[in-house]
Amino acid sequence: MEKLIIYQLFPRVFSNPTTDCEPSGSLERNGSGKFNDFTLPVLKEIKDLGVNCVWMTGIIEHATKTDFSRYGIQKDNPNIVKGEAGSPYAIKDYYDVDPALAVNVPERMEEFEAMLKRVHDTGLKFFIDFVPNHTARQYHSDMAPEGIEDFGTHDNIMYAFSPSNNYYYIPNQQFYPDFPLDKEGLEPYIEFPSKVTGNDCFTAFCTRNDWYETVKLNYGHDYQGHTDHFDPVPDTWLKMLHVLRYWCKKGVDGFRCDMVFMVPLPFWNWVIPRVKEEYPDVIFIGEIYDVAQYRPFLDYGCFDYLYDKVNLYDTLVGIETKGWSAAQLTGCWQTVDGIGDRMLNFLENHDEVRFASSAYAGDPMRVLPSLVVSSMISKGPFLIYYGQELGEQGEENEGFAGNNHRTTIFDYWSVSCLRRWINDGKFGEKKLTPQEIYLRQLYKKVLTLCNSRAAIREGAFFDLMYVNLQNPGFNPHNHFAFIRHSADDKLLIIVNFSKESARVEVNIPEVALRVCGLEEGDVSCRDLLWDKSYNFTLSPTQPASVFVGAADALILPLSKSKK
């Protein structure tokens with residue numbers, strides 16, 4: 001079984017060729033990437049990085065300030081839309097795709113399906129976002145199959161909570177946030193009674209810091225009475241099951257499920273097995289931020305994988321930016337011991353700042369230690385975010401969110417490094433800087449190793465830190481060392497987070513030799529990253545001594561590889 005290597009991209013930005021985008025520019029002014037841009041050559045270039053799965057964010061139709069009403073698509077009130085393009089997490093139609101991604105809007109679904117076929121023809125899996133906790137404030141489906149009614153169609157708006165309602169309400173109170181609802185467009189936005197805002201804001205008086213563009217869905221939990229009403233099965237559960245099956249039928253291979261902890265856990269226990277009854281290979285990845293909930297959501301909730309943001313990712317950020325010691329990484333695998341292979345690791349995604357931004361490392365060339373640890377500490381999936389492999393810094397003011405060290409998800413925009421790599425469909429290094437060329441090759445090496453080496457793809461992990469904390473030749477503040485091992489493949493992996501190169505001496509205890517199936521003796525090997533020769537002794541009484549560069553890593557084969 002392959003280790004999942006996921007490439008997350010935002011289609012409207014990824015392939016947008018516009019070179020002079022304006023902050024908060026319209027679709028007509030700034031343009032947008034299209035489904036049709038994902039040709040076989042584009043997809044093959046992505047796969048060539050060592051990727052075997054593409055996650056496209058912003059596929060399902062969401063609220064936008066762009067007027068598509070001439071195509072029979074209900075216009076959104078701009079006062080409750082974030083950015084010109086709108087948030088991809090303010091879903092307005094679970095059965096449709098973003099019309100901005102289509103060359104021919106009336107044929108948008110056909111263009112999506114053709115793209116999906118090309119993804120599969122390339123040998124890649126295809127994931128989309130499933131957003132279960134909230135919809136856009138103005139939800140209306142014009143593409144729902146016959147017999148499927150919109151959320152809220154039969155809600156009794158006199159009740160704050162009713163088991164049969166799809167939304168939560170604030171009876172007898174108009175939606176009244178702390179910003180005007182008549183500033184944009186020709187019509188003010190009026191919502192009476194107010195619905196509850198998507199980030200569990202149970203008041204009509206939300207702020208700009210709330211998810212004001214969304215409203216929370218009701219899965220049968222009464223937040224005021226603290227009671228659950230799951231029998232009979234809530235209407236929202238049935239509607240969402242239908243949505244998931246709809247996309248599975250189209251050929252979607254998996255779902256990155258948004259904010260899964262904001263939806264009652266029994267829903268996941270109910271819905272995921274029902275989807276897998278018909279589509280057993282579909283993959284569910286949950287976005288979650290509480291380590292205490294990891295095991296319940298994997299076991300009872302039936303997820304295949306979960307984000308490990310607050311554990312491994314936050315620790316790597318701490319090492320890079322806050323003076324945390326590399327030895328704290330031991331606590332990361334111990335925290336998820338037994339479920340580590342079901343953790344999705346990453347250094348970037350649409351929610352987090354760019355690694356190369358001034359809010360994180362400030363230098364994409366420092367990525368290797370974090371990249372090696374995050375991608376190779378387990379058999380679990382690893383995710384990279386589009387442009388990460390070129391050192392994109394995300395230091396632009398694109399519009400709604402300003403310069404927040406991320407690439408916008410709210411605006412029509414384009415990214416220089418991706419434009420130059422795509423190069424009007426020619427691809428390659430011609431227009432890339434030497435640093436960008438180096439980084440892309442580095443990512444390709446690391447990501448390819450994740451599946452070409454059995455020790456990483458399917459092997460076990462052995463942490464060497466416990467025998468090196470008091471080792472005078474090893475600095476546990478800057479260095480981290482571990483072994484990945486399978487029956488026929490053994491790798492010694494050493495990383496150096498420091499800005500200084502170092503001679504690193506790694507103690508390897510007798511128990512490690514026994515557990516990993518290693519024999520004592522002299523080792524002569526070539527590092528898998530740099531193809532340099534290394535000679536050292538494998539012995540419980542003598543440390544393995546190697547030179548590791550600043551912000552560098554070594555992956556040293558201790559036995560012959562059988563792929």
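Bear in mind the structure is a predicted one, so any value in this text is a computation, not a measurement.
- Under the 4.5 Å side-chain criterion, counting only non-hydrogen atoms from C-beta, Phe35 is in contact with Val97.
- Among Phe130, Phe297, Trp268, Phe255, the one residue that satisfies the ring-ring contact (aromatic ring centres under 6.0 Å, His included) test with Phe284 is Phe255.
- Residues Trp421 and Leu432 meet the side-chain proximity criterion, which asks for heavy atoms closer than 4.5 Å.
- A distance-only check finds no donor-acceptor pair linking the side chain of Asp411 to the backbone of Thr408 [under 3.5 Å].
- A distance of 6.0 Å separates CD in Glu191 from CZ in Phe175, rounded to the nearest 0.5 Å.
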Open item on the list: Could you go through Glu287 and Lys309, starting from their C-alpha distance and side-chain angles, then the distance that decides it, and tell me whether this counts as salt bridge (Lys or Arg N to Asp or Glu O under 4.0 Å)?
Closed with: CA-CA 9 Å; Glu287 177 192 15; Lys309 191 270 184 195; over 6 Å; no

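- For Tyr212 and Phe179, the gap between ring centers is short of 6.0 Å.
- Expressed to the nearest 0.5 Å, how far CZ of Phe355 lies from OG of Ser374 amounts to 10.5 Å.
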Open item on the list: Applying side chain to side chain donor-acceptor pair (under 3.5 Å) to His134 and Tyr167, what does each step give before you reach the verdict?
Closed with: CA-CA 9 Å; His134 47 264; Tyr167 294 110; over 6 Å; no

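- Classification of the Tyr89-His350 ring pair by plane angle, with boundaries at 30° and 60°, yields parallel.
- A salt bridge is absent between Lys92 and Asp98: the closest approach of a Lys/Arg side-chain nitrogen to an acidic carboxylate oxygen does not fall below 4.0 angstrom.
- With Asn52 contributing its side chain and Leu124 its backbone, the two residues share no donor-acceptor pair below 3.5 Å.
- Leu4 contributes atom CG, which lies 10.5 Å from atom CG of Leu383 (distance to the nearest 0.5 angstrom).
- What you find for Tyr189 and Arg137 is that their closest heavy atoms are OH-CB, 3.6 Å.
- The OG1 atom of Thr57 sits 12.0 Å away from the CZ atom of Phe127 when rounded to the nearest 0.5 Å.
- In this structure, Phe161 has its ring center at least 6.0 angstrom away from the ring center of His221.
- More than 12 heavy atoms of other residues, nucleotides or ligands shown are found within 6.0 angstrom of NZ on Lys276.
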Open item on the list: Could you go through His140 and Phe151, starting from their C-alpha distance and side-chain angles, then the distance that decides it, and tell me whether this counts as ring pair (Phe, Tyr, Trp, His ring centres under 6.0 Å)?
Closed with: CA-CA 8 Å; His140 174 68; Phe151 289 88; over 10 Å; no

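- In this structure, the side chains of Leu347 and Gln388 come closer than 4.5 Å at one or more pairs of heavy atoms.
- Within a 6.0 Å radius of CD in Glu187, no more than 12 heavy atoms belonging to other residues, nucleotides or ligands are found.
- Glu84 places no side-chain N or O within donor-acceptor distance of the main-chain N or O of Ser26, the cut-off being under 3.5 Å.
- Within a 6.0 Å sphere centred on OH of Tyr223, heavy atoms belonging to other residues, nucleotides or ligands number more than 12.
- Between Tyr313 and Glu352 there is a side-chain heavy-atom pair separated by less than 4.5 Å.
- Looking at Glu436 and Arg420, a side-chain N of the basic residue comes within less than 4.0 Å of a carboxylate O on the acidic one, giving a salt bridge.
- Looking only at side-chain heavy atoms (C-beta outward), Lys34 and Pro11 stay at 4.5 Å or farther from each other.
- Contact check for Leu306 versus Met343: side-chain heavy atoms found under the 4.5 Å cut-off.
- In this structure, Lys117 places its NZ atom where only 12 or fewer heavy-atom neighbours from other residues, nucleotides or ligands lie under 6.0 Å away.
- Taking the centre of each ring, Phe38 and Phe14 come in below the 6.0 Å mark.
- Around the NZ atom of Lys239, the shell of radius 6.0 Å holds more than 12 heavy atoms that belong to other residues, nucleotides or ligands.
- Rounding to the nearest 0.5 angstrom, the gap separating the CG atom in Asn30 from the OG atom in Ser414 is 9.0 Å.
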Task: Residues Asp150, Thr153; criterion side chain to side chain donor-acceptor pair (under 3.5 Å); working and verdict - done: CA-CA 6 Å; Asp150 282 351; Thr153 299; 5.3 Å; no

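- Taking the six-membered ring for Trp and thresholds of 30 and 60 degrees, Tyr139 and Tyr94 have ring planes inclined between 30 and 60 degrees apart.
- Cation-pi contact between Arg342 and Tyr305: absent, since separation from the ring centre below 6.0 Å together with deviation from the ring axis within 45° is not met.
- In the displayed structure, Lys125 atom NZ is contacted under 6.0 Å by at most 12 heavy atoms of other residues, nucleotides or ligands.
- Remark: side-chain polar atoms of Arg406 are not paired, donor with acceptor, to backbone N or O of Asn403 under 3.5 angstrom.
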TODO: Please lay out, stage by stage, how Asp253 and His120 fare under the test side chain to side chain donor-acceptor pair (under 3.5 Å).
DONE: CA-CA 10 Å; Asp253 299 294; His120 287 154; 2.6 Å; yes

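- With ring centers used as reference points, Phe346 lies under 6.0 Å from Tyr307.
- Judged purely by atom type and a 3.5 angstrom limit, Lys3 has no side-chain atom pairing as donor or acceptor with the backbone of Phe382.
- In this structure, Arg245 forms no cation-pi arrangement with Tyr279, as its terminal cationic atom is not both closer than 6.0 Å to the ring centre and no more than 45° off the ring axis.
- Ring centroid separation for the pair His62 and Phe410 does not come in under the 6.0 Å cut-off.
- Remark: aromatic rings of Tyr386 and Tyr7 are distant, center separation not under 6.0 Å.
- Using bins of under 30°, 30° to 60° and over 60° for the plane-to-plane angle, the ring pair Phe230/Trp237 lands in the tilted bin.
- Checking side-chain atoms of Thr236 against main-chain N and O of Asn218 turns up a donor-acceptor pair under 3.5 Å.
- For Tyr159 and Tyr169, the gap between ring centers reaches or exceeds 6.0 Å.
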